[in-house]
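All remarks here apply to the structure that follows.
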Amino acid sequence: MDTGMLVMCLVIPALVILVFLLFRLILADMKSGRKYRNGAVCTGTVIERMEDYKISAYGSGGAGTHTRTYKQYKVEYELNGIIYHGVLRTKEKNLAPGSLVNVKYAYNERTGQPQILDPSGGDRVRELGIGAALGVILAIILIFLKSRGLM
């Protein structure tokens, strides 16, 4: 077996595994985004501001690192006469203690307790869709220019 064949036997399975892992990450973000979009809404009160939450965006890499920043607030909200506390991630800035905010929540399947939903999964999927659409448009433009002999 020559070196080229050995390299291909190692590279192809590694690429398949990487594509599978990326696919799983995208599916998890899609599930999170769908859960956030369909979540129930109630009104909560800001108790205190917490440190910012930063998450990597799709497309980070060769062009540099891009992060999305969410503001975190400890909130108190009431459902069915029971008061709950949780951490709300939002893009809204400068919410003072005592401010009213909309809290998106869903009930946890295992515990039956409400949990505050996170908007980051849906935002990452939207970024990925925009990036893919721009990539397709760029590819069409480059193919057109190449076919006309302008490149």
Side-chain angles (χ1 to χ4, degrees), residues 3-77 79 84-95 99-148 150-151:
T3 309
M5 187 62 115
L6 182 62
V7 168
M8 290 305 290
C9 289
L10 295 175
V11 168
I12 291 175
L15 286 176
V16 168
I17 290 170
L18 288 174
V19 167
F20 175 73
L21 291 175
L22 179 63
F23 184 69
R24 292 280 305 202
L25 179 67
I26 292 169
L27 283 179
D29 281 345
M30 288 175 68
K31 182 179 178 183
S32 173
R34 187 172 35 253
K35 195 173 184 180
Y36 182 79
R37 188 178 64 235
N38 297 331
V41 179
C42 70
T43 302
T45 306
V46 173
I47 297 174
E48 67 177 303
R49 171 116 195 270
M50 301 173 68
E51 71 179 48
D52 292 347
Y53 174 74
K54 295 183 180 189
I55 186 168
S56 297
Y58 286 121
S60 298
T65 304
H66 174 69
T67 59
R68 181 173 292 283
T69 303
Y70 295 92
K71 307 301 178 200
Q72 289 191 128
Y73 299 95
K74 188 175 285 189
V75 295
E76 178 179 89
Y77 59 103
L79 297 173
Y84 296 97
H85 293 87
V87 176
L88 174 71
R89 292 183 184 142
T90 182
K91 294 177 189 171
E92 294 181 45
K93 299 177 181 178
N94 303 325
L95 293 175
S99 300
L100 295 178
V101 292
N102 287 332
V103 177
K104 280 202 171 194
Y105 69 93
Y107 287 98
N108 189 319
E109 295 92 19
R110 284 183 242 135
T111 63
Q113 296 293 316
Q115 71 181 49
I116 297 176
L117 299 176
D118 187 1
S120 63
D123 289 345
R124 286 170 48 111
V125 171
R126 186 172 44 252
E127 281 178 358
L128 182 64
I130 291 169
L134 291 175
V136 168
I137 291 169
L138 181 62
I140 290 170
I141 291 171
L142 290 175
I143 290 169
F144 176 77
L145 292 174
K146 185 79 169 176
S147 68
R148 298 285 183 196
L150 299 174
M151 273 185 63

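Because the structure is a prediction, the values reported are computed rather than measured.
- Sorted by first and then second residue, the pairs that involve residues 40-51 and meet side chain to side chain donor-acceptor pair (under 3.5 Å), not counting sequence neighbours, are Arg49-Asp52.
- Annotation: the span from Leu142 atom CG to Ile137 atom CD1 amounts to 12.0 Å, rounded to 0.5 Å.
- Every pair tested for ring-ring contact (aromatic ring centres under 6.0 Å, His included) that includes a residue from residues 108-139 fails, sequence neighbours excluded, so the list is empty.
- With sequence neighbours left out, Lys91 forms a salt bridge (charged side-chain N to carboxylate O under 4.0 Å, His left out) with Asp123.
- Applying the side chain to side chain contact (heavy atoms under 4.5 Å, CB included) test to Val101 and every residue at least two apart in sequence or in another chain returns Val46, Val75, Leu88, Leu95, Val103.
- Interatomic distance, OH of Tyr36 versus CD1 of Ile116, reported as 10.5 Å (0.5 Å rounding).
- For residues 102-141, every residue pair satisfying the ring-ring contact (aromatic ring centres under 6.0 Å, His included) rule, not counting sequence neighbours, is listed here: Tyr105-Tyr107.
- Summarising the local packing, CG of Asn94 is surrounded by 12 or fewer heavy atoms from other residues, nucleotides or ligands at distances under 6.0 Å.
- For the pair Val87 and Gln72, the tightest heavy-atom approach, listed with the atom from each and the gap, is CG1-OE1, 3.9 Å.
- The minimum heavy-atom distance linking Tyr70 with Arg89 is given by the pair CB-CB, 4.2 Å.
- One distance of note links CG of Leu22 with CD1 of Ile26; it measures 4.0 Å at 0.5 Å rounding.
- With values rounded to the nearest 0.5 angstrom, Lys104 atom NZ is found 14.5 Å from Tyr77 atom OH.
- Each ring-ring contact (aromatic ring centres under 6.0 Å, His included) pair with one or both residues in residues 116-139, not counting sequence neighbours, would appear here, but there are none.
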From CA spacing to verdict: side chain to side chain contact (heavy atoms under 4.5 Å, CB included), Ile17, Leu21: CA-CA 6 Å; Ile17 290 170; Leu21 291 175; 4.1 Å; yes

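- Interatomic distance, Ser99 OG to Tyr73 OH, rounded to the nearest 0.5 Å: 8.0 Å.
- The two atoms that bring Gly39 and Leu117 nearest to each other are CA-CD1, 3.8 Å, heavy atoms only.
- The CD atom of Glu92 sits 12.0 Å away from the NZ atom of Lys71 when rounded to the nearest 0.5 Å.
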